[in-house]
Amino acid sequence: MAALLGVFAWQSAPVWTQEGLGYITGTKWFYRQHEFGALPLIYGSMMVSAVALVLAGPLGVGAAICIAEYLPSRARFAVKIPIELLAGIPSVVYGLLGALLLRDWVYKTFANFEPLSGDTLLTAGILLGIMLLPTIVTLTDDALRAVPAAQRRAGRALGLTQAEVIWHISLPQAQRGIGAAFLLALGRALGETVAVFLVVGRQDNMLPSNLFSLEPLLAAGQTLTSKLGGSEINIAYGDPLHWGAMMGLGLLLLSLTVGSALVGTLKRSGDA
Amino acid sequence: MRKAKDVFCAALTGTCLLTVLGIVGGLVFAILSRGWPALRLSFFTEQIRLVGAAGGIFWNLVGTGILLGTALLASAPIAVGLALLGRVYLRSERARRWLRVGLYTANGLPSIVFGLFGFIVFVKWCGWGKSWLAGGLVLAMCMLPTVTICLMERIAAVPARYIHAAAALGLSEAQIVWSVLLKQSWGGLVVGSLLGLARAAGETAPIMFTATIFAGATLPKGIVESPVLTLPYHIFTLAQDSFAPGVDAKLWGSALVLLGLVFSMSLAALPSRLLHHEEAHV
């Protein structure tokens, strides 16, 4: 892992010396003019991941509560197998589903807002949300089951309803674990490449004037990963600055995902 | 009021679960219903023709097989080494913990990062160009954490009295490792490898710059500049511009085959995982 970080840091060195911090805050990316600003890409990644987490979070936690608190253990296994399978679907197959089915659905459903095409940040977010479900369900379920059953029985014996036991006993104790689940899911969302690549539209320099407006969700965008997965990699090699800029994106992506995965893992094992 | 809240809570979470299960069912049905008509024997035995609109996926299957085989051979020995390091040879609890945390973190790294690493190191520095070996090694890096974690969990589950008995019989540490620990836990290596391969089989991002092209490759004849065709990249390329009517059916067929391949590997690993209550979070 150190080797990974090292290689990316070293390979991206030209762009850091040339552009400095302006590389992260710059809003324009025109490689022909040697302008490299990564902010629109960071924005794209964040928006797509946020949509995914907002959609998958409540749904996944709800499903996990049902599995951990209500279902008997036999039914638990029966339900967890399909969820494991969902986790196993390759991202390129998700991408195919997104490109051939979800794209049209988004285009028709949001026709009132007149999107230019079905390739939008929202499409990528919905697709990612489905991909994140198994991570959130599995990890939340684990966190809830780690709460001792004796405490639940004590709660029931005191006359709490099952809903009150969940709300006042299970969830507060599983909080860290659920937090970890969201962080690990965020890491996955930021790093997912091919599925996002196929539906995000890959339009450069799409930074909205108003960061808090939801409108740009229905426009095409570009994420860190969709940029890295594109053919610009092949063009960039050989031009130190351009290549450095691409590898800088890799370094950004790596730091973001290592960060969330590391904190998530530490939280899960109970050290952070 | 409390009663109503209780019922509401149960209904709400139940709906969530049903929605999730509905999504799984819907996805599998969507792929199955569209891909099934394309599956004929000739689909598996012919090579692609007319840019994917006709013919089959024979060389794609072969290529994916070559990559997976390479990844398996490359990752297994390293996984054994790392697992033994984590369970036997590292004495300090701190170091062991950091190895574990590192493995879990590495498991969460995006696969494109491995792909770019492979592109820099194997394709450019080693000068291999697009090569099956580069792809296999990159996939091995992707699956290594999964395999190692599974094996470590199984080694940890070997009862301590086995080790004490072996030590009492005068076996050296190497003998204990070889004929007690590894003999008892090799199933973990198999299960971990199955899970890792299931993930690696569907990966596109790590191999698209390092190992695979869309058409025109058969069996590799060397290492340098010897790419292979693969199933995921086939789907990836066609999904970007599948407008020819003939392509669609073949495309869903390929997706179904890939899905079948992945599911059969993770299902093969399932009984043993349930038996050992392992929840390798992959």
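Lettering of chains follows the sequences in order, A, B, ..., and the numbering in each one begins at 1. Just so it is clear, the values below take in all heavy atoms, side chains as well, and ignore hydrogens, waters and symmetry mates.
Of all the heavy atoms in R2(B) and G159(A), the pair that sits closest is NH2-O, 2.9 Å. Among all heavy-atom pairs drawn from G191(A) and I112(B), the shortest one is O-CG2, 4.3 Å. Scanning all heavy atoms of the two residues, the minimum distance from D6(B) to Y70(A) falls at O-OH, 4.3 Å. Residues Q240(B) and L198(A) approach most closely at CG-CD2, 3.3 Å, considering heavy atoms. In this structure, A239(B) and A99(A) approach most closely via the heavy-atom pair O-CB, 4.0 Å. When every heavy atom of Y94(A) is checked against every heavy atom of L27(B), the shortest pair comes out as CE2-CD1, 3.8 Å.
Heavy-atom distances place the side chain of V93(A), and not its backbone, under 4.5 Å from chain B. Interface residue V24(B): backbone and side-chain heavy atoms are both found under 4.5 Å from chain A. In this structure, the portion of P58(A) lying under 4.5 Å from any heavy atom of chain B is its backbone and not its side chain. Of the two parts of V79(A), the backbone and the side chain both hold a non-hydrogen atom closer than 4.5 Å to a non-hydrogen atom of chain B. For A10(B), the parts sitting under 4.5 Å from any heavy atom of chain A are the backbone and the side chain alike. Residue I120(B) touches chain A through its side chain alone, counting heavy-atom pairs closer than 4.5 Å. Heavy-atom distances place the side chain of L101(A), and not its backbone, under 4.5 Å from chain B. When heavy atoms are compared at a cutoff of 4.5 Å, Y233(B) does not approach chain A at all. Proximity to chain A is limited to the side chain of F119(B), based on heavy atoms less than 4.5 angstrom apart. When heavy atoms are compared at a cutoff of 4.5 Å, T161(A) approaches chain B by way of both its backbone and its side chain. The parts of A205(B) that come within reach of chain A are both its backbone and its side chain, each placing non-hydrogen atoms under 4.5 angstrom from that chain. Only the side chain of R34(B) comes within less than 4.5 Å of a heavy atom of chain A; its backbone N, CA, C and O stay farther away.
Taken to the nearest 0.5 Å, the CG atom of L251(B) stands 4.5 Å off from the CG atom of L96(A). N107(B) contributes atom CG, which lies 8.5 Å from atom OG1 of T265(A) (distance to the nearest 0.5 angstrom). One distance of note links CD of Q162(A) with SG of C9(B); it measures 8.0 Å at 0.5 Å rounding. A distance of 9.0 Å separates OG1 in T193(A) from CZ in F236(B), rounded to the nearest 0.5 Å.
Of all the listed residues (I166(A), I130(A), I89(A)), the one sharing the greatest number of non-hydrogen pairs under 4.5 Å with chain B is I89(A). Listed options L190(A), T135(A), L86(A), V194(A) were ranked by heavy-atom pairs under 4.5 angstrom with chain B; first place goes to V194(A). Of the listed residues (L133(A), I65(A), L262(A)), the greatest number of heavy-atom pairs within a distance under 4.5 Å of chain B belongs to L262(A). Contact count against chain B (heavy-atom pairs under 4.5 Å) is highest for E164(A) among R188(A), M247(A), E164(A).
Residues W252(B) and L97(A) meet the side-chain proximity criterion, which asks for heavy atoms closer than 4.5 Å. Counting only heavy atoms from C-beta outward, the side chains of V92(A) and L258(B) approach each other to under 4.5 Å. Counting heavy atoms from C-beta outward, V262(B) and L85(A) have side chains that stay 4.5 Å or more apart.
Identified by a heavy-atom distance below 4.5 Å to chain A, the contributing residues of residues 13-20 of chain B are T13(B), G14(B), C16(B), L17(B), T19(B), V20(B), in residue-number order.
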